[in-house]
Amino acid sequence: MIFNYFYVDMVTSITQGVKVSVETFFQPDHSRRGEFVFAYRITIENKSENTVQLLRRHWHIYDGMGIWREVEGEGVIGETPVIEPGHMHQYVSGCHLIAPMGKMKGTYLMVRTMDGQYFDVIIPEFQMIAPFMLN
């Protein structure tokens with residue numbers, strides 16, 4: 001996927017051997033007054049010794065205008081990827097905000113395939129800020 005974007009931020013966290021990295025990008029060609037569009041690329045790396053499967057996502061989205069919303073659902077972009085030890089899964093999604101800045105954080109519900117043990121993986125909080133706000 002090719003972006004016409006401005007790189008904004010990258011954050012990382014590790015939960016039970018699963019590393020989640022997030023890069024955010026402002027999308028000026030898709031934004032207009034009153035609607036600011038951001039893309040984010042998430043890389044999930046399995047640094048544990050167990051195969052895991054991502055089952056669900058749960059997001060908390062905070063808009064700079066004081067609006068808060070929650071999004072929960074199965075998988076990510078229509079997939080419930082199985083990630084073997086030493087492998088990764090990457091996807092791109094997006095978020096529309098009313099303000100030129102906001103933030104997101106959340107969790108993935110995962111399961112270890114060998115023993116059926118469920119666990120939450122933290123998606124680190126990341127900022128979405130239109131570049132003109134940084135001047």
Side-chain angles (χ1 to χ4, degrees):
M1 176 174 274
I2 298 175
F3 292 111
N4 182 9
Y5 63 84
F6 293 95
Y7 174 73
V8 177
D9 196 12
M10 181 174 175
V11 294
T12 299
S13 70
I14 299 175
T15 309
Q16 294 193 34
V18 178
K19 180 179 178 182
V20 178
S21 301
V22 185
E23 299 170 90
T24 60
F25 308 90
F26 176 59
Q27 304 284 286
D29 291 347
H30 300 288
S31 299
R32 59 184 181 275
R33 185 181 253 9
E35 182 179 53
F36 299 90
V37 179
F38 295 86
Y40 54 88
R41 179 173 36 229
I42 296 194
T43 305
I44 304 165
E45 298 176 72
N46 185 355
K47 297 186 168 292
S48 77
E49 296 178 2
N50 301 294
T51 299
V52 298
Q53 183 175 14
L54 189 156
L55 301 175
R56 298 187 65 78
R57 70 192 181 287
H58 185 184
W59 289 107
H60 296 274
I61 304 166
Y62 303 91
D63 194 295
M65 295 297 289
I67 299 168
W68 172 82
R69 65 184 189 261
E70 210 169 345
V71 176
E72 190 171 7
E74 185 176 331
V76 290
I77 61 168
E79 300 177 353
T80 55
V82 174
I83 310 168
E84 296 181 16
H87 289 106
M88 66 176 220
H89 178 78
Q90 189 174 74
Y91 71 94
V92 175
S93 192
C95 182
H96 295 244
L97 300 176
I98 294 171
M101 60 195 318
K103 60 185 177 180
M104 291 176 65
K105 66 179 180 178
T107 56
Y108 294 125
L109 175 63
M110 296 206 171
V111 63
R112 283 196 302 262
T113 60
M114 69 175 263
D115 62 6
Q117 182 67 43
Y118 294 95
F119 63 102
D120 286 324
V121 171
I122 294 171
I123 306 166
E125 184 176 286
F126 57 94
Q127 305 289 320
M128 297 172 286
I129 304 171
F132 61 84
M133 297 296 293
L134 300 173
N135 292 333

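Fair warning: this is a prediction, and the values are worked out from it, not measured in the lab.
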Does the side chain of Thr51 pick up a donor-acceptor pair with the side chain of Glu84 at under 3.5 Å?
no
Grab the two heavy atoms, one from Ile77 and one from Tyr91, that are nearest each other, plus how far apart they are.
CD1-CB, 3.4 Å
Out of curiosity, Thr107 OG1 to Asp120 CG, how far, rounded to the nearest 0.5 Å?
4.5 Å
Check whether any side-chain heavy atom of Gln16 lies under 4.5 Å from a side-chain heavy atom of Val121, and answer yes or no.
no
Connected via hydrophobic side-chain network under 4.5 Å: Met133 and Phe126:
yes
Closest heavy-atom pair, Val37 versus Phe26, reported as atoms and distance to 0.1 Å, is O-CD1, 3.6 Å
If you compare all heavy atoms of Val52 against all heavy atoms of Met110, which two are closest, and at what distance to 0.1 Å?
CG2-SD, 3.9 Å
Taking everything shown except Glu70 itself, do over 12 heavy atoms lie less than 6.0 Å from its CD?
yes
Starting at CD of Glu49, measure out to CE of Met114 and round the result to the nearest 0.5 Å.
9.5 Å
Close side-chain approach of Tyr108 to Val76, heavy-atom, < 4.5 Å
yes
For the atom pair NZ (Lys19) and CG (Asn46), what is the distance rounded to the nearest 0.5 Å?
12.5 Å
Under 4.5 Å between side-chain heavy atoms, hopping through other hydrophobics if needed: is there a path connecting Ile83 to Leu109?
no
Measure the shortest side-chain to side-chain distance between Gln127 and Met101 over non-hydrogen atoms and say whether it is less than 4.5 angstrom.
no
Under 3.5 Å, side chain of Arg57 to main-chain N/O of Gly75, donor-acceptor pair present?
yes
Report yes or no: do Phe132 and Ile129 belong to one cluster of Ile/Leu/Val/Met/Phe/Trp/Tyr joined by side chain heavy-atom distances under 4.5 Å?
yes
Counting only heavy atoms not in Glu74, do more than 12 fall under 6.0 Å of its CD?
no
Report yes if some heavy atom in the side chain of Ile123 is under 4.5 Å from a heavy atom in the side chain of Tyr40; otherwise report no.
no
Is there a donor-acceptor pair closer than 3.5 Å between any side-chain N or O of Asp63 and the backbone N or O of Leu97?
no
Taking CD1 in Ile14 as the centre, count heavy atoms belonging to other residues, nucleotides or ligands within less than 6.0 Å. Is the count above 12?
yes
If I compare all heavy atoms of Val11 with all of Glu125, which pair ends up nearest, and what's the gap?
CG2-O, 3.6 Å
Hey, can you tell me if His60 and Tyr62 have their rings parallel, tilted or perpendicular (30° and 60° cut-offs)?
parallel
Is the ring centre of His87 less than 6.0 Å from the ring centre of His89?
no
Within a strict 4.5 Å, meaning less than it, do heavy atoms of the Gln53 and Thr80 side chains meet?
yes
Student check: side-chain heavy atoms of Ile122 and Val20 closer than 4.5 Å:
no
When clusters are formed by joining ILVMFWY residues with side-chain heavy atoms under 4.5 Å apart, either directly or through shared neighbours, do Val111 and Val18 land in the same one?
no
Taking side chain as C-beta onward, heavy atoms only, is Ile42 less than 4.5 Å from Ser93?
no
Any heavy-atom pair between the side chains of Met104 and Phe38 that's under 4.5 Å?
no
Smallest heavy-atom separation, Pro85 atom then Ser48 atom, equals CB-O, 3.3 Å
My understanding is that only one of Met128, Lys103, Gln27 makes a side chain to side chain contact (heavy atoms under 4.5 Å, CB included) with Cys95; could you say which?
Met128
At what distance, to the nearest 0.5 angstrom, does CH2 of Trp68 lie from CD1 of Ile61?
10.0 Å
According to a hydrophobic-cluster definition based on side-chain heavy atoms being under 4.5 Å apart (Ile, Leu, Val, Met, Phe, Trp, Tyr only), do Ile44 and Val71 belong together?
yes
